[in-house]
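No experiment lies behind these values; they were computed from the predicted model shown.
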Amino acid sequence: PQVVSLGAGFGTDGFLALREAWGGRAGLRWVDCDFPALARRKAAAIRASPELCALLRLPEGAEGGGDEAEAEAGASPRVLGSEAGYCLVGLDLRDLKAAEVALRDHGGVDFSRRTLILTECVLNYLTQRQGERVLAWAVRRFARAVFVSYDQMLLRDAFGRAMAGCLRNRGSPLRGLDGGLPGDAPPPAEAETEAGALAGLRARFEREGWALCGAVSMSEACRSFLPR
């Protein structure tokens, strides 16, 4: 199996999975992806950590190797790779043709393998059309995949409007929600409901070809899936 984390940022999920020995016998491959500049910063942070160097079987304290040098020069999207099954790739989801090449040729992604695709607070930063293209591309390109997405919702109350406005002022608008300006938009005639928002998320995936779609709130996920 393989995991492809799109827009992984500085997330540590892949390291936790490898530390728990999800690799090894299972042969797990974990591919983190984000903008090239951010991926290079993450690679530098990884190489500066003795614990991560040991986990990923990298030379401790070593300077960026061939992968990072080529990525810095723009010659390769692959920023960091390890024998432990971890790979870090720089790409832009707004250019899916180039992203697919980067995943296949530089991230070692096999589109025919069972794949878990992760996006955590990623789709809402794309425009609605760009997000739909990502969903349609993934369902078409991966032969056997599950797509797990964690995204903001219910941003029409006072807290949500303040959060969206803060993100917009920091240069990171939520473009996938009403054009990215929910902080300025007037309150809706009818209050948003959790059930309505979740139904909208399910419908979005269904429209792009995903089967057996489900959506739960974070509070429900905590109640249902986390140990008490």
### Task
Identify the two heavy atoms, one from D34 and one from G7, that lie closest to each other, and give their separation to 0.1 Å.
OD2-C, 3.2 Å

### Summary
Scanning both residues in full, the closest heavy-atom pair of N124 with R204 reads OD1-NH1, 4.4 Å

### Query
What pairs with L201 under side-chain contact (heavy atoms from CB on, under 4.5 Å), at least two apart in sequence or on another chain?
M153, L198, A215

### Message
If I compare all heavy atoms of V122 with all of L6, which pair ends up nearest, and what's the gap?
### Response
CG2-O, 3.3 Å

### Task
Without swapping roles, check the side chain of S224 against the backbone of E220 for a donor-acceptor pair under 3.5 Å.
yes

### Message
Tell me whether L212 at atom CG has more than 12 heavy atoms from other residues, nucleotides or ligands lying less than 6.0 Å away.
### Response
no

### Task
If a pair satisfies side chain to side chain donor-acceptor pair (under 3.5 Å) and one of its residues is in residues 4-14, list it, with sequence neighbours excluded.
none

### Task
Assign the ring pair F205 / F147 to parallel, tilted or perpendicular, where the plane angle (0 to 90°) is split at 30° and 60°.
perpendicular

### Message
Checking A145 now: which residues fulfil side-chain contact (heavy atoms from CB on, under 4.5 Å) with it, not counting sequence neighbours?
### Response
T115, I117, F142, W210

### Message
Checking R133 now: which residues fulfil side-chain hydrogen bond (donor to acceptor under 3.5 Å, both in side chains) with it, not counting sequence neighbours?
### Response
none

### Task
Spell out, as yes or no, whether a donor-acceptor pair under 3.5 Å connects the side chain of Q130 to the backbone of R94.
no

### Task
Count the heavy atoms of every other residue, nucleotide or ligand shown that sit under 6.0 Å from CZ of R129, and state whether that count exceeds 12.
yes

### Query
Do R114 and Q2 come close enough that some side-chain heavy atom pair is under 4.5 Å?
no

### Message
Just by distance, no angles: are the side chains of E100 and W137 close enough, under 3.5 Å, to form a donor-acceptor pair?
### Response
yes

#### Entry: Residues clustered with V101, ILVMFWY side-chain links under 4.5 angstrom
none

### Task
Answer yes if L58 and V79 sit in the same cluster of Ile, Leu, Val, Met, Phe, Trp and Tyr residues linked by side chain heavy atoms under 4.5 Å apart, and no otherwise.
yes

### Message
Looking at every heavy atom in both C87 and G107, which two are closest together, and how far apart are they?
### Response
SG-CA, 3.8 Å

## Note on the structure
Joining Ile, Leu, Val, Met, Phe, Trp and Tyr whenever any side-chain heavy atoms lie under 4.5 Å apart, the cluster holding Y150 also takes in M218

### Closest non-hydrogen atom pair, R202 against C213
CD-O, 3.7 Å

### Query
Of all heavy-atom pairs between C33 and L103, which one has the smallest distance, and what is that distance?
SG-CD2, 3.4 Å

